[in-house]
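To find a chain, count down the sequence lines: A is the first, B the second, and so on, and within it residues start at 1.
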Amino acid sequence: MASRYDPQVAEPKWRAAWEEADVYRAKAPSEAGDAPKAYILEMFPYPSGRLHMGHVRNYAMGDVVARHKRAKGYNVLHPMGWDAFGMPAENAAMKEGVHPGAWTYQNIADMRAQFAKLGLSLDWSREFATCDPEYYGAQQALFLDLYEAGLAYRKASKVNWDPVDQTVLANEQVIDGKGWRSGAPVEQRELTQWFFKITDYAEDLIAGLKTLERWPEKVRTMQANWIGRSEGLQMRFDWAGEAPKGAPGRGVEVFTTRPDTLYGASFIALSPDHPLTVSLAAGNGELEAFRAACAATGTSEEAIETAEKMGFDTGLRVRHPFEARSLPVWIANFVLMGYGTGAIFGCPAHDQRDLDFARKYDLSVIPVIQPPGAPEGTDNGANETVAEAYTGPGRVVNSGFLNGKTIEEAKAAAIDRIEAEARGTRTVNFRLRDWGVSRQRYWGCPIPIVYCETCGLVPVPKSDLPVRLPEDVSFDVPGNPLERNEKWKSCTCPACGGPATRETDTLDTFVDSSWYYARFASGEDLQERAYWMPVDQYVGGVEHAVLHLLYARFIARAMGKIGLMEPAHGEPFAGLFTQGMVTHQTFKDAAGDWVRPADVAEGEAGPIVLATGAPVTVGASEKMSKSKRNTVDPDAMIAAYGADVARLFTLSDSPPERDVEWTQAGVEGTARFAQRVWANFDALPQSPTQMKPSGEGALRRASHKALAAIDQAVEEFRFNSAVATLYDWTNTLKKAAGDAPEADRVEACSLFARCLHLFMPHLAEACWARLGQTGLVVNAPWPEVDAALLEEDTVTLPVQVNGRRRSEIKVPAAAGRNDVEAAALADPAVDAHVAGRAVKKVIVVPGRIVNIVV
RNA sequence: GCGGGUAUGGCGGAAUUGGUAGACGCGCUGGUUUUAGGUACCAGUGCCGCAAGGCGUGGGGGUUCGAGUCCCUCUACCCGCACCA
């Protein structure tokens, strides 16, 4: 009587066995022997309290890689922890009156229990939460080292202020002019803040991208764009005549990437926030009003798109560097203070913004680049009807000593001359700004600095770390509870013992996640850290392409500089894989409210709400979210189908980098697969033979081919293909049950169980035990492919006539070209299509195909 | 605007990288078991055609004995950045 596999019974049993044997603990470097190391890491979760299907997919992928490496004899580190600081804990505190710490640790406990049920190959002995004082204390020490090294500093600057969360945001956290968490329009405020000097590494962070061969091209490009390196010239336009009162220097400094178009310059434009603009505006009501109008323009995508070019003529003039003429100095709303020098020269013929501006204020347009093949004197800008600036390639014209040169030659020549005349220098500019890390929040890592009335800014001595968060805090009013907590705030100065106050800002939570991988690797032991780093395979969502992944690359370099990590590990993640989301069908009722997919049934005239019969409309399959009511609870799926099925489904239907759609029918298919697998093992004799298989039976060939295919697919992150091969193999095993020798079936099942274990570890243990194995399959070595079995004695070759498949022939694999050709020509179906015509050519690709050309 | 990507049956997708297109799964059709529904199992399923055969990987063109794969060109959609001089 065939038995069924019951995951509800089997899964807890095998998890207990793994735990008892402590199978997933990484070996210390000294115990690892000759085994190479593999550090496999998935982005650690925020402890929201509930696991979602996206987590399941993410961790299932990392688990496949970790198990594969373990089976192949690597010493694997596969840790897990919690990215535990952040706003949701404070929001919960405000809403429910619970302490953020209590809320967070309860969530961690809940999620740890959910994680346990998934049966992941995690080494929990290294678990920590970033809100543990041991962790944030070590982070405070790291901060002090950065301060010592000049990589952390304090300055007053305009910052992005989120009025809802009442905190400062980094540039990376402002999306389309809005706070990344609150969605509130961000305001500009002048505040004194802590910054990390990420710009010191701008060049290195760009250069390092080239070495990251196992990163997605997309992520590397996004980072390169974000850092925004551009080569050009910073130069001065000297004042024509008297310098304006209070103007620093001998002229206006501008940055340009197009020094080849200097002869096309027709105006200078300053940012509304340029220091010269500010000084000119003092006492000038009209200019003040202009600046105010510029500041009022929003920073959203739409506002920028539709913003009218606005200008203000200062009446000042500067000299052209190469020609005896002068240019007007304007103030223009489209010039950003935050990039370059906050001033530009305008070349309307070859820059669209400059052209828009010139047309509006009737400034001259001087074409200096002639497109290739254009006749002499072609108008590409001067004519007032031309509305598009020419930015393509060409030769320089109307440009004195630059005439006739290519754009690249002219750039070099112009820079050489400006440098020779000491008016400027070749410069590289970056878009990247320093990372503002101060947050006016409670639930974060306190910045270990005090302010003393006599000594000023004083770092907290390392021996006094950690600076712990106070427990007695209230969240009844908005703002930072640390700021209001006088008892915590006031302290004595470590230097003079006099009265002092603590820094009340905490660190951006992205600081927490930018070095946790190093902490997992070793705690404080730098030798062990050097052994494990870098992370060999990192797995996570693409939404962190510029935030977390850029910060982590920076901090890894900074840790190299201050001796907390090998400088060679400046790239912390040697391999990166960004997985797609889990989506699910959405439905709405007549009122436009979201309806849970589980409440929908197929009615006679389309989908209806099961309970009421009311019609619903079908929406797109979208990322699971509470607001759209299309989430699927992993716990419910584990209860219904088992963890193995939930895990396998998230990997089976789509390539891992793409989104996968959760469907009920698909999950049921996966559950059927699990039963088919078990049926194959259950069909073996009660005491399977221990005889070695021999010979070259079809089952043995098919099994070794499948093994090789799965091995390669897993290696290349093509998990969906590996799963398809497992399905296929299952069908093969079933068909072979009647006729293959028992020893061959046992061997095939043994290979199968070890492949299956990457994806369905619990079921694989049950299968392994059914084979009479006494050990655990998680400890079984990866099977060797018998290469001899991959080669066939006879091959079936398709035969084409004029490129169309007409027949197939069976020939010995070792047959020579002439024999294959003769066999093909002798085939009756081929002969019919040749139809007596003369054969011009026969192409024989050994082992592949025959093509007869007539 | 700049950058990256995708396009294959009713659906998700596969194709050893230039060599039998559609593996595997879902769905669907027919059958067996079942009191019935469901489950399970068996067979079939790219399109047109009774068949022979023809057509077929977003559109058009090219290279080749042979193209989903390489080249040119066009189109649609998705993602990221965006007044960065």
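Here A/Asn731 does not reach the OP1 or OP2 of B/rA23: none of its side-chain N or O atoms lies under 4.0 Å away. For the pair A/Arg658 and B/rG13, the criterion of a side-chain N or O lying under 4.0 Å from OP1 or OP2 is met. Residue A/Arg805 has no polar side-chain atom (N or O) positioned under 4.0 Å from OP1 or OP2 of B/rA21. Close to B/rA85, at under 4.0 Å from its OP1 or OP2, lies a side-chain N or O of A/Ser230. In terms of phosphate contacts, A/Arg806 brings a side-chain nitrogen or oxygen within less than 4.0 Å of OP1 or OP2 of B/rG54. An OP1 or OP2 oxygen of B/rC24 is reached within less than 4.0 angstrom by no side-chain nitrogen or oxygen of A/Asn720. At the phosphate of B/rG25, neither OP1 nor OP2 sits under 4.0 Å from any side-chain N or O atom of A/Tyr727. For A/Arg718, no side-chain nitrogen or oxygen approaches OP1 or OP2 of B/rG13 to under 4.0 Å.
A/Pro655 comes within contact range of the sugar-phosphate backbone alone, with a heavy-atom separation under 4.0 Å but no base atom that close. Nucleic acid contact class of A/Gln800 (heavy atoms, under 4.0 Å, all strands): base. Across all strands shown, A/Phe255 has heavy atoms under 4.0 Å from base atoms, whether or not it also approaches the sugar-phosphate. A/Ser652 comes within contact range of no nucleotide atom at all, as no heavy-atom separation falls under 4.0 Å. Contact annotation for A/Val799: no contact, since no heavy-atom pair falls under 4.0 Å across all strands. Nucleic acid contact for A/Val853: sugar-phosphate only, since backbone atoms but no base atoms lie under 4.0 Å from a heavy atom of the residue. Among the atoms of the strands shown, base atoms are found under 4.0 Å from some heavy atom of A/Glu808. Among the protein residues, A/Gly228 comes within range of no part of the nucleic acid, since none of its heavy atoms lies under 4.0 Å from any strand. Using a 4.0 Å heavy-atom criterion, one finds that A/Lys734 contacts the sugar-phosphate atoms exclusively. Using a 4.0 Å heavy-atom criterion, one finds that A/Thr663 contacts no nucleic acid atom at all. Residue contacts shown for A/Arg676 are limited to sugar-phosphate atoms, with no base heavy atom under 4.0 Å away.
Within the 3.5 Å criterion, the main-chain N or O of A/Arg57 finds no donor-acceptor partner in the side chain of A/Arg647.
Base pairing of B/rG44: its partner is B/rC28, meeting the Watson-Crick or G-U wobble criterion (both donor-acceptor distances under 3.5 Å). Pairing for B/rU39 is absent, with no Watson-Crick or G-U wobble pair whose two atom distances lie under 3.5 Å. Pair check for B/rA15 finds none; no Watson-Crick or G-U wobble contact set falls under 3.5 Å. Shown here, B/rC2 forms a base pair with B/rG80; the pair counts as Watson-Crick or G-U wobble because both key distances fall under 3.5 Å.
Here the side chains of A/Glu622 and A/Thr583 are not in contact, with every heavy-atom distance at 4.5 Å or above.
Comparing A/Thr796 and A/Gln712 along RNA chain B, the residue whose closest nucleotide (by nearest heavy atom) sits nearer the 5' end is A/Gln712.
B/rG62: glycosidic angle beyond 90° from 0, hence anti.
The base of B/rC65 is not paired with the side chain of A/Lys840 by any donor and acceptor separated by under 3.5 Å. Judged by distance alone with a 3.5 Å cut-off, no donor-acceptor contact links the side chain of A/Asn225 to the base of B/rC81.
Aromatic ring orientation, A/Phe267 versus A/Phe357: tilted (interplanar angle from 30° to 60°). Taking the six-membered ring where the residue is Trp, A/Phe345 and A/Phe237 present tilted rings, their angle falling between 30° and 60°.
No salt bridge links A/Arg426 with A/Glu231; every basic N to acidic carboxylate O contact stays at or beyond 4.0 Å.
For the P atoms, the distance from B/rG68 to B/rC79 is 30 Å, rounded to whole Å. Spacing between B/rC55 and B/rU17 at atom P, rounded to whole Å, works out to 29 Å.
Both tests do not hold together for A/Arg4 against A/Trp678: distance to the six-membered ring centre under 6.0 Å, angle to the ring axis within 45°.
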